[in-house]
There are 2 protein chains.
Amino acid sequence: MSNVDNVAPLFKDLADHYVACQDCSLYRFCLPLGLHSRDLQLLDKIIKRSQTYKRGQPLFAAETEFTSLYVVRSGSFKTTISTSNGRDQVTGFYFPGEFIGLDAIHQQTYKSNAKALESSSVCELPFDNLQELGKEMPQLQVQLLTRLSKELAGDKGLMLLLGKKAADEKLATFLLSLSQRFKERGFSAAEFQLSMSRGDIANHLGLAVETVSRLFSRFQDEGLITITGKAIALKDMEKLQSLCE
Amino acid sequence: MSNVDNVAPLFKDLADHYVACQDCSLYRFCLPLGLHSRDLQLLDKIIKRSQTYKRGQPLFAAETEFTSLYVVRSGSFKTTISTSNGRDQVTGFYFPGEFIGLDAIHQQTYKSNAKALESSSVCELPFDNLQELGKEMPQLQVQLLTRLSKELAGDKGLMLLLGKKAADEKLATFLLSLSQRFKERGFSAAEFQLSMSRGDIANHLGLAVETVSRLFSRFQDEGLITITGKAIALKDMEKLQSLCE
DNA sequence: TCATATCCATGATCTAGATCAATTAAAGCT
DNA sequence: AGCTTTAATTGATCTAGATCATGGATATGA
């Protein structure tokens with residue numbers, strides 16, 4: 001997640017320093033929520049925090065062995081799945097506190113590709129260790145279940161978007177979803193950086209790049225947004241909202 | 001799930017008689033898989049098995065309080081979500097052994113509508129009881145997690161379908177997905193009844209009814225299938241497969 | 001059993017958004 | 001700093017599939 005000058009950089013140091021769960025600014029979005037202090041320390045021990053990823057670097061690849069879940073610590077990622085003939089679909093964008101890899105549990109194989117969109121870091125949760133811990137920590141299992149359920153609900157919403165919405169409704173819905181997630185994390189809901197390319201946005205929404213580009217221009221002409229490169233400001237949230245239906 | 005004459009009716013009596021989990025023909029698809037006999041009996045006790053639903057009857061409605069997960073025992077269901085202005089998207093079809101309501105866990109509110117497509121029955125799993133049980137039965141939690149993960153992976157596949165596939169690819173993919181699920185359940189992979197309407201299929205695939213109707217006719221002309229009303233036979237699986245990409 | 005509603009098939013037409021094409025603007029690299 | 005590659009914008013054209021329209025087939029129900 002990129003910063004905007006006028007916004008408090010809540011997460012800026014996460015990539016650089018070791019931060020225990022209990023001191024982490026992501027605590028309230030994250031897995032440990034609701035765990036007792038003792039349990040939290042046990043969880044803390046199994047988390048690998050070393051990794052950082054550069055723009056474009058893969059976190060994992062489809063069809064490789066599932067070993068770990070990941071939680072974004074800083075930056076952002078995208079996931080994609082592919083047809084056998086090479087077309088692919090961006091299935092999600094992931095920001096600090098969000099889980100990546102949940103759809104790999106059932107077959108013990110990653111089904112998606114995950115790539116960093118900018119310089120990013122993650123907490124790695126080796127799944128076997130997590131399950132061991134879960135046996136003595138029902139609360140942890142509940143958290144995991146809740147996370148999975150939340151992603152599932154989000155994906156149903158995306159199915160509605162992909163199946164039933166017009167291009168402008170899709171883009172408006174997408175922008176407000178980003179806005180909401182930035183807001184929850186203490187960033188400005190109105191101004192932020194798009195860490196993903198126009199192509200990624202288009203792909204994710206089931207549109208052509210050109211359509212997204214034209215819509216950005218049109219939205220700007222209509223006073224809904226201002227956009228310069230990757231920097232976007234939402235100027236008329238109400239109208240954007242009404243566009244989502 | 002409807003029957004076809006030449007197929008062994010594995011599940012035919014489930015709606016009529018009480019069947020304990022350990023005697024249930026769905027056992028190997030279902031939640032109890034891997035539980036010890038003692039645990040199985042405990043699970044068995046919290047399951048409500050009374051309900052049957054007629055064609056069109058709701059199992060639950062969106063925006064109502066989440067109380068239970070459901071597993072289809074016989075028949076089939078569809079789930080839908082709606083935009084505020086009344087358009088809706090069929091998010092899934094559910095057959096015996098499949099879970100309904102998993103996306104409601106995180107907000108304790110059903111997000112979707114679930115409706116029976118034919119005379120159907122379910123096992124109701126009150127979620128609070130299930131969680132109580134989960135505290136002493138890690139294996140149960142693992143099963144739940146796995147189920148959620150599987151549905152999540154399926155939905156990512158649907159996103160690929162909705163976002164990137166052409167109409168004929170969508171329909172072929174859909175038919176083979178049904179075929180696969182029938183096969184897993186001991187029914188014919190080649191001949192089955194479509195319990196859902198053309199409209200439901202079209203909606204689910206992000207198409208117009210007319211397009212689905214035309215495609216069924218075209219597939220029949222091309223010798224890929226034969227279809228008479230709700231009865232369909234897949235005549236050329238290889239070609240259908242190659243259409244999916 | 002007949003009536004009425006819903007579902008399905010097929011043809012004719014239209015359009016949102018894809019594709020093609022050319023230009024400009026940013027990012028990376030050495 | 002300049003060179004090369006990739007990303008983004010904008011315009012012109014095309015097309016897959018939506019929409020509109022009609023008639024036939026299947027259910028539902030008094």
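Letters A, B, ... mirror the listed sequences (proteins, then strands); counts begin at 1.
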> Which atoms form the tightest heavy-atom contact between A/Leu26 and A/Pro96, and what is the distance?
Replying inline: CD2-CB, 3.6 Å

> What nucleic acid atoms does A/Ala208 come within less than 4.0 Å of, heavy atoms only: base, sugar-phosphate, or nothing?
Replying inline: base

> Where does the chain A footprint on DNA chain C start and end, counting 5' to 3' with a 4.0 Å heavy-atom cut-off?
Replying inline: C/dG17 to C/dG28

> So, for A/Leu117 and A/Arg55, which heavy atoms are closest and what is the spacing to 0.1 Å?
Replying inline: O-NH1, 3.4 Å

> How are the rings of B/Phe60 and B/Tyr110 set relative to one another: parallel (under 30°), tilted (30 to 60°) or perpendicular (over 60°)?
Replying inline: parallel

>> Closer than 4.0 angstrom, basic N to acidic O: yes or no for A/Arg181 and A/Glu98?
In response: yes

>> Going by salt bridge (charged side-chain N to carboxylate O under 4.0 Å, His left out), name the pairs with one or both residues in residues 219-233 of chain B, residues two or more places apart or in two chains.
In response: B/Arg218-B/Glu222

> Is A/Gly206 touching bases, backbone alone, or none of the nucleic acid, heavy atoms closer than 4.0 Å?
Replying inline: sugar-phosphate

All N/O contacts under 3.5 Å from nucleotides 7-11 of chain D to the protein, with atom names and distances to one decimal?
residue	atom	partner	partner atom	Å
D/dA8	OP1	A/Arg198	N	3.3
D/dA8	OP2	A/Arg198	N	3.2
D/dT9	OP1	A/Arg198	NH2	3.2
D/dT9	OP2	A/Arg198	NE	3.0
D/dT9	OP2	A/Ser213	OG	2.6
D/dT9	O5'	A/Ser213	OG	2.9
D/dT10	OP2	A/Ser217	OG	2.3
D/dG11	N7	A/Arg214	NH1	2.7
D/dG11	O6	A/Arg214	NH2	3.4

>> Tell me the closest heavy-atom pair linking B/Gln220 and B/Thr226, and the distance in Å.
In response: OE1-CA, 3.2 Å

> About how many Å separate OG of A/Ser112 and CG of A/Asp88, when rounded to the nearest 0.5 Å?
Replying inline: 11.0 Å

> Of all heavy-atom pairs between B/Thr52 and B/Ser121, which one has the smallest distance, and what is that distance?
Replying inline: CG2-CB, 4.1 Å

